[in-house]
2 protein chains.
Amino acid sequence: MSRKLSKPRLAAWRGLLTVQAQVVAKIERRLAAEGLPALMWYDVLFALHEAAGKRLRMSELADEVLLSRSGLTRLVDKLEAGDYLRRENCATDKRGLEVVLTEKGTQVLREVWPVYSSGISEWFSDSLSDGEVAELTRILDKILHAE
Amino acid sequence: MSRKLSKPRLAAWRGLLTVQAQVVAKIERRLAAEGLPALMWYDVLFALHEAAGKRLRMSELADEVLLSRSGLTRLVDKLEAGDYLRRENCATDKRGLEVVLTEKGTQVLREVWPVYSSGISEWFSDSLSDGEVAELTRILDKILHAE
DNA sequence: GGAAAGTGATTGCGTATGCAACTACATGCC
DNA sequence: GGCATGTAGTTGCATACGCAATCACTTTCC
């Protein structure tokens, strides 16, 4: 592993960083301009929405959204204060908590989605063909599933 | 623009976010573990290294590394305090500054590069063929150059 | 030439985030 | 059982970052 990094490989990496940074920044600005919550809030609520029973353990949720445990604790504090989700004690492990999506959380997902999805379309995927999208996904998955 | 976002297009976007987040986090942790400066420091010094005369205006540098102007001001403060670069008054515009890479800055680039590049290899590009790397770069460039 | 509008950089302020330390509970080992 | 070790989540602290306001200078327009 870690053989010498060629120029084309570095170029691919820099391209990925640039695309991600630019698209995320544009979407975040549009969300803020419309008075909507930040992407990370959406990610958390969306992860819950996709989970069985619309609930996850704190640790599972942190892994899902790629946030540190402490970062998630604080974010969940805010989301719970806004009644977008609630913490429940875990029946099988008294150390643990489960986080459950509320109806209001589901509602805010519906409000944010149009802005988020149109940003992804407009700034990320509209310039690609279906074939290119498939190829990009395949390559990224290959990276993710390499051990 | 902003036609409906299909599932495959969303999957590509989420893949990109995940790859970037995971690889960056791993590289940052390794840099921190070795007592080396963070990636953003490297990006700034590298941008200067690549620039003609190893110097750039503050604004050019901010655009290059995708950081806000205020963020760059503060980062350059720290880099200048460590003698990795220095600010010089711009001859043609008294509002402006030029940032110049120092010898020590060049040196730290050489120290960080092995860690950075081996991280990119190991966690990003090693699982791809040359053809896949080329295809990935082509697709990302297409996104970047779409207006 | 000079007022109005624009641009480059910095600073104040609020927020987000990670690491390390901590508490509470769980598991393994004897 | 009971001590040692491990794991779930939270909190203290330091740092990084963006937006809006600001200051200095430049450009535009009359």
Side-chain angles (χ1 to χ4, degrees), chain A residues 17 20-44 55-82 85-100, chain B residues 17 20-44 55-82 85-100:
Chain A
L17 288 185
Q20 195 266 1
Q22 288 188 357
V23 177
V24 167
K26 284 176 184 170
I27 293 174
E28 291 281 14
R29 272 195 292 269
R30 186 174 281 181
L31 286 170
E34 305 209 5
L36 291 168
L39 270 189
M40 186 55 80
W41 287 38
Y42 184 86
D43 287 346
V44 166
R55 63 177 56 221
L56 285 172
R57 293 289 293 267
M58 288 290 285
S59 307
E60 295 171 324
L61 191 48
D63 293 343
E64 200 71 36
V65 301
L66 303 171
L67 192 64
S68 68
R69 308 306 168 90
S70 56
L72 184 70
T73 291
R74 279 181 263 256
L75 182 48
V76 167
D77 286 347
K78 288 171 205 120
L79 288 165
E80 190 171 32
L85 52 75
R86 62 175 183 280
R87 278 181 249 235
E88 290 185 3
N89 290 320
C90 179
T92 59
D93 186 340
K94 283 184 186 167
R95 293 169 305 180
L97 297 173
E98 283 182 334
V99 182
V100 190
Chain B
L17 289 184
Q20 195 265 2
Q22 288 189 356
V23 176
V24 167
K26 285 176 182 170
I27 293 174
E28 291 281 15
R29 271 196 292 269
R30 186 174 281 179
L31 286 170
E34 305 208 3
L36 290 168
L39 270 189
M40 187 54 81
W41 288 38
Y42 183 86
D43 287 346
V44 166
R55 64 175 55 221
L56 284 172
R57 292 289 293 268
M58 290 289 285
S59 305
E60 294 171 325
L61 191 48
D63 293 343
E64 200 70 35
V65 301
L66 302 171
L67 191 64
S68 69
R69 308 306 169 88
S70 56
L72 184 70
T73 291
R74 279 181 262 258
L75 181 48
V76 167
D77 286 348
K78 288 173 205 117
L79 288 165
E80 189 171 32
L85 53 75
R86 62 176 184 281
R87 278 182 250 235
E88 291 185 1
N89 290 320
C90 179
T92 58
D93 186 339
K94 283 183 187 168
R95 292 169 304 182
L97 297 173
E98 282 183 335
V99 182
V100 189

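Quantities reported herein were computed from a predicted structural model and do not represent experimental measurements. Every chain is numbered from 1, with letters handed out A, B, ... down the list of sequences. Hydrogens, waters and symmetry mates play no part in the numbers below; they use all other heavy atoms, side chains included.
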Colleague: How close do A/Pro37 and A/Leu31 get, heavy atom to heavy atom, and via which atoms?
Modeller: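 Closest pair (atom of A/Pro37, atom of A/Leu31, distance): O-CD1, 3.7 Å.
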
Colleague: Without swapping roles, check the side chain of A/Glu80 against the backbone of A/Arg87 for a donor-acceptor pair under 3.5 Å.
Modeller: yes

Colleague: Taking CG from B/Leu56 and C1' from C/dA9, how many angstroms apart are they, rounded to a whole number?
Modeller: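 These atoms are roughly 15 Å apart.
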
Colleague: Do A/Arg55 and A/Glu98 meet the salt-bridge criterion of a basic N to acidic O distance under 4.0 Å?
Modeller: yes

Colleague: Given C/dT10, D/dG9, D/dG18, which nucleotide is nearest the side-chain atoms of A/Met58?
Modeller: D/dG9

Colleague: Assuming nearest nucleotide by heavy-atom distance, tell me which of A/Arg95 and A/Thr73 is located more 5' along DNA chain D.
Modeller: A/Arg95

Colleague: When you measure from the side-chain N and O atoms of A/Lys94 to the phosphate of D/dG9, is any distance below 4.0 Å, counting only OP1 and OP2?
Modeller: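 A/Lys94 to D/dG9 OP1/OP2: no side-chain N or O under 4.0 Å.
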
Colleague: Under 4.0 Å, counting only non-hydrogen atoms across every strand here, what does A/Leu67 touch: a base, just sugar-phosphate, or nothing?
Modeller: sugar-phosphate

Colleague: Does this structure show an ion pair linking A/Arg86 with A/Glu88, if we count only N-O contacts that are shorter than 4.0 Å?
Modeller: yes

Colleague: Write down the distance between CD (B/Glu88) and C1' (C/dG8), rounded to a whole number of angstrom.
Modeller: 17 Å

Colleague: Given D/dA21, is OP1 or OP2 found less than 4.0 Å from the side-chain N or O atoms of B/Arg69?
Modeller: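 No.
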
Colleague: Nearest of C/dT7, D/dG9, C/dT10 to any side-chain atom of A/Ser59?
Modeller: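 Nearest nucleotide to the side chain: D/dG9.
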
Colleague: Could you check how far CG of A/Asp43 sits from C1' of C/dA16, rounded to whole Å?
Modeller: 14 Å

Colleague: Could you state the atom-to-atom distance from CG of B/Leu72 to P of D/dC19 in whole Å?
Modeller: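 Distance check: B/Leu72 CG to D/dC19 P gives 14 Å.
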
Colleague: Using whole Å, what does the distance between atom C1' of nucleotide D/dC19 and atom CG of A/Leu31 come to?
Modeller: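 Taking atom C1' of D/dC19 as the reference, CG of A/Leu31 is at 16 Å.
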
Colleague: Of A/Leu97 and B/Ala38, whose closest DNA chain D nucleotide lies nearer the 5' terminus?
Modeller: A/Leu97

Colleague: Check whether the side chain of B/Ser68 and the base of D/dC19 form a donor-acceptor pair under 3.5 Å.
Modeller: no

Colleague: Could you tell me the separation between the CE atom of A/Met40 and the P atom of D/dA16, rounded to a whole number of Å?
Modeller: 19 Å

Colleague: So what does A/Arg57 hit on the nucleic acid, given a heavy-atom distance under 4.0 Å: a base, only sugar-phosphate, or nothing?
Modeller: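 If one applies the 4.0 Å heavy-atom cut-off, A/Arg57 turns out to touch the sugar-phosphate alone, with no base involved.
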
Colleague: Rounded to the nearest angstrom, tell me the gap between atom CG in A/Asp77 and atom P in D/dT10.
Modeller: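 Going from A/Asp77 (CG) to D/dT10 (P), I get 7 Å.
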
Colleague: Please give, in whole Å, the distance from C/dA9 P to B/Glu80 CD?
Modeller: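 Atom-to-atom, B/Glu80 to C/dA9, this comes out as 13 Å.
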
Colleague: What nucleotide, of C/dT11, D/dT11, C/dA9, holds the atom closest to the side chain of B/Arg74?
Modeller: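 Output: C/dT11.
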
Colleague: Map A/Trp41 and A/Thr92 onto DNA chain C by nearest heavy atom, then report which one ends up closer to the 5' terminus.
Modeller: A/Trp41

Colleague: So if I take every side-chain heavy atom of A/Asp93 and compare against D/dA8, C/dT10, D/dT11, which nucleotide ends up nearest?
Modeller: D/dA8

Colleague: Got a salt bridge between B/Arg69 and B/Asp63, using NZ or NE/NH1/NH2 to carboxylate O under 4.0 Å?
Modeller: yes

